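Step one of this worksheet: look at the structure below.
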Amino acid sequence: MANLVQVIVDVPTMQTNQPYTYAVPKQLTDLVQPGMRVIVPFGAGKREVQGFVVGVIDESTYDGPLKPLAAVMDLAPVVNPELLQLSQWLANETYAFWISCLYTMLPNLLKGKTKRWVEVIDELSESDQAWLFGEENEVEFDELTHAVDKLERLIQLQRQGKIRFRYAVVDQARAKTVTAIQATQSFEKYEESLAELPKNATAQRQLLAYLQNLGDQVVTLKVAQEQSGLRPDIFRLGEHRGWLRKLQQEQYRDPMKDQAITPSQPLALNAEQQAAYDQIVPDIQQPQATVHLLQGVTGSGKTEVYLQLMAATLATGKSALLLVPEISLTPQIVGRVRSRFGEQVAVLHSGLSNGERYDEWRRIQAGEAKVVVGARSAVFAPLANLGLIIMDEEHESSYKQDESPRYHTRQVALWRGKYHQAPVVLGSATPSLETRARAAAGVYKREVLAHRAAAKTLPQVEIVDMRPEVQRRGETNFSNQLLTALHARLQRGEQSILLLNRRGFSSFIMCRDCGYVLKCPNCDISLTMHLDTHAMKCHYCGHEEGIPQLCPQCQSRRIRYYGTGTEKVAAELADLLPQARVIRMDVDTTRKKGQHQALLDQFGHHEADILLGTQMIAKGLDYPDVTLVGVLNADTGLDLPDFRAGERTFDLLTQVSGRAGRADKLGEVIIQTFNPQNYVIKLAQQQDYERFFAQEMQLRKLAAYPPYYYTVRLMGSHPDEKVAAKAMFTIRQQLQTTLAAETQLLGPTPRSIARLKNRYYYQIMIKYRADARLHQELLTLMHQAQQQFDRQFQLSIDPEPQYFM
DNA sequence: AGCACGCCGACT
DNA sequence: GTCGGCGTGCTC
């Protein structure tokens, strides 16, 4: 019996980030449950907001008078107890508003729209009434916002107390319905009706015969028309005569309806795959909340292991969740899962419309989908009875959400695994250092697939030193070696992929003669060029120096801003190889929905010889005719001011090398670099993840970075740069007094894009190992920052940030 | 976020 | 004197 409820209201501010108590009107006491959406009055004036019931209590903890719920929006909870608990944990863990976490877990359509209405409360002059309201006594405010003259008059009338604003929440969640019919009478009754009909009423006779055969079935009107060959008007007539009943049936919008499912059988596992499977499957059958790292080289057949583990999970009557990065959520992988598990698969990805997403979510909620494949936010899929969570390419940085709540999918997956006593499998060819280190420490189990599944040979990887090339031929993105190789492919009618590592397009300085990159003397991280202030700055410690004219190492004048775009490269390519047909792929050419796939299809159909693109082409593509992969500028990612630069570059080079020669033809990979001696490049050439891991760990240890230390970034912003800086210095000082001895504070430093949307950003990095008080300190800081500083000052806290620029 | 309350400048 | 600017505090 719910007398009072605790509600999290949809007002995302720190001051309202707590449950509010509401009285439950008598007629709703049996209905309202935790996890349901409600509409509540909030604040002065006629204002309503949406909220979530997070608790049912008997006695109020709040002294003041309680307002009653205005309405309950759901008949059943939209957030089950598990996810309710998760949302609270997540808010605390990521320093986010509880309400934001709740919305993050749900399809967009469940976020009610706040509509404003203008309501007449006192008699208006006839002209005002007619001009503003017509016959009505209220109008929707949004319809007036463009008419400035009306707006002005309304404000005047409001002052006179003749009108007022009213806010209401409108639920956007609509199930798509379709008309269906059902027979209402018995076979014999229809027989009687039939006898009464005139002989020439053939259509009606056919209808009656059709209904007689229908029994209890409910058939959509469309299907009924097709089956009976009758027109819609006959069905209308039948309804009038009481022969049939029309009803509205809910229908799921099926994003896959056009794609046929061809069932597939499990493939035979090779010895390595089988061994990995055998290690993991007991934890599914006798449920254990273990974590497994499945470390398999590209092409080793991880997916087949996933599919068979999922099948084993379904066999125990439980459900399974497969998480993949958005970029590799291609029709291929979805197709494989669907062909194995059929209709019980739900797919969640960014390409779905709100309606489709809502419907897939409802299928999961209703228990109709037992297998979910999806990107980041699918980790919140309301699967009951979870028996297995798989996270493919677990090292991908897109698993971390870069807006509030700044959660990492892995962190949520591990939480849910624990909650359900279900194993979590983290798959990757190049695991994140955090994960690999935990496996080394025995916290995670580790299974290795060291060989390619289908006896494919690894391509030959060559490194080309660009320094002599550029000395000899001037500015160019193409070495002789690469040009020769491209030429050969053109003549043989084979295809090539060229990767432009454009993440380096930003702002660091490198010497074109010796490859020297200007680094911070304190941090061993590249300095970032700030053109606005004409300075080189370190984003970690704040070190600053002038922009050099000469290379400090070799005194060359050819030290410059480094970076290049696909457009420029495409132009150069057209110049060097005019006969080649080139497809350019980057954010500019793939902005429109479906364009990405269209370009890939074109390439797949051999309508081009060369695919030139950024990161997005590095992953998961598999074209049999591609025998050459060229990486134009391997270093640009490497020299970013980010301690994960090496890890990302290694991953990128490994992935892209896996693209060449996957079928019967031998592949060749050419990596162009100004740093041929760099360990990342060399180890990527040898495809030796384990040695890379060992070496990188040493560096991380020396510099006190993850996984040896945890990191948190505080980002403060304000329209006035001075205010932002001052507030962040104050925060640093406050924190300093309470931190553990080992904890390090770096900054505040301005962000490389110091001004964004007319706000200035300053950041503080915190590195810590064990600091019992830090979390609480940060939560407190989040609260008091609102009061302590200018109202326009905004503070965000990002635990374990993925990028440092 | 939206609203009331309250304290200072410039107008009927 | 009052209208209205926006800084501050509060919303069950």
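Just so we're on the same page: letters track the sequence lines, and every chain starts at 1. All values below come from the heavy atoms of this structure, side chains included, with hydrogens, waters and symmetry mates left out. Here the structure is a predicted model, which is why all the values come from computation and not from measurement.
Partners of A/T104 under the side-chain contact (heavy atoms from CB on, under 4.5 Å) rule, at least two apart in sequence or in another chain, are A/F380, A/Q401, A/P405, A/Y407. Under the rule for a salt bridge (charged side-chain N to carboxylate O under 4.0 Å, His left out), the partners of A/D171 that lie at least two apart in sequence or sit in another chain are A/R37. For A/K400, the side-chain contact (heavy atoms from CB on, under 4.5 Å) partners at least two apart in sequence or on another chain are A/R406, A/H408, A/D798, A/Q802.
In this structure, A/Q15 atom CD and C/dG9 atom P are separated by 10 Å, rounded to whole Å. Atom CZ of A/F793 is separated from atom C1' of C/dT8 by 18 Å (rounded to the nearest Å). For the pair A/F52 CZ and C/dC12 C1', the interatomic distance rounds to 18 Å; values are reported in whole Å. The nearest whole Å value for the distance from the CG atom in A/L69 to the C1' atom in C/dC12 is 11 Å. Between the C1' atom of C/dC10 and the CD atom of A/Q18 lies a distance of 11 Å, rounded to the nearest Å. The interatomic distance linking A/Q792 (CD) with C/dT8 (P) rounds to 11 Å, in whole Å. A/N3 has its CG atom 16 Å from the C1' atom of C/dC12, to the nearest Å. Taking atom CZ of residue A/F789 and atom P of nucleotide C/dG7, one finds them 18 Å apart after rounding to whole Å.
Under 4.0 Å is where a charged nitrogen must lie from a carboxylate oxygen, and between A/E800 and A/R713 no such pair does.
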Expected list for residues 90-97 of chain A: side-chain donor-acceptor pairs under 3.5 angstrom, two or more places apart:
unit_1 : atom_1 : unit_2 : atom_2 : d
A/N92  : OD1    : A/H775 : NE2    : 3.4
A/N92  : ND2    : A/H775 : NE2    : 3.3
A/T94  : OG1    : A/L90  : O      : 2.8
A/Y95  : OH     : A/H775 : ND1    : 2.9

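If you check every strand for non-hydrogen atoms under 4.0 Å, A/P12 touches nothing. A/F42 comes within contact range of at least one nucleobase, with a heavy-atom separation under 4.0 Å. Note on A/Q787: nothing from the nucleic acid sits closer than 4.0 angstrom, heavy atoms only.
Between A/F793 and A/Y760, the ring center distance fails the sub-6.0 Å criterion. Taking the six-membered ring for Trp and the full ring otherwise, the centers of A/F42 and A/Y20 sit less than 6.0 Å from each other.
Here the straight-line distance linking atom CD1 of A/I389 with atom CG of A/L323 works out to 7.0 Å at 0.5 Å rounding.
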Atom pairs under 3.5 Å: protein N/O with N/O of nucleotides 3-6 of chain C:
none

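Contacts between chain A and DNA chain B, taken as any atom within less than 4.0 angstrom of a protein heavy atom, begin and end at B/dA1 to B/dA4.
Ring geometry for A/Y768 against A/Y710 counts as tilted: the plane angle lies between 30° and 60°, on a 0 to 90° scale.
Centre separation under 5.5 Å together with a plane angle under 30° does not hold for the ring of A/Y20 and the six-membered base ring of C/dC12, so they are not marked as stacked.
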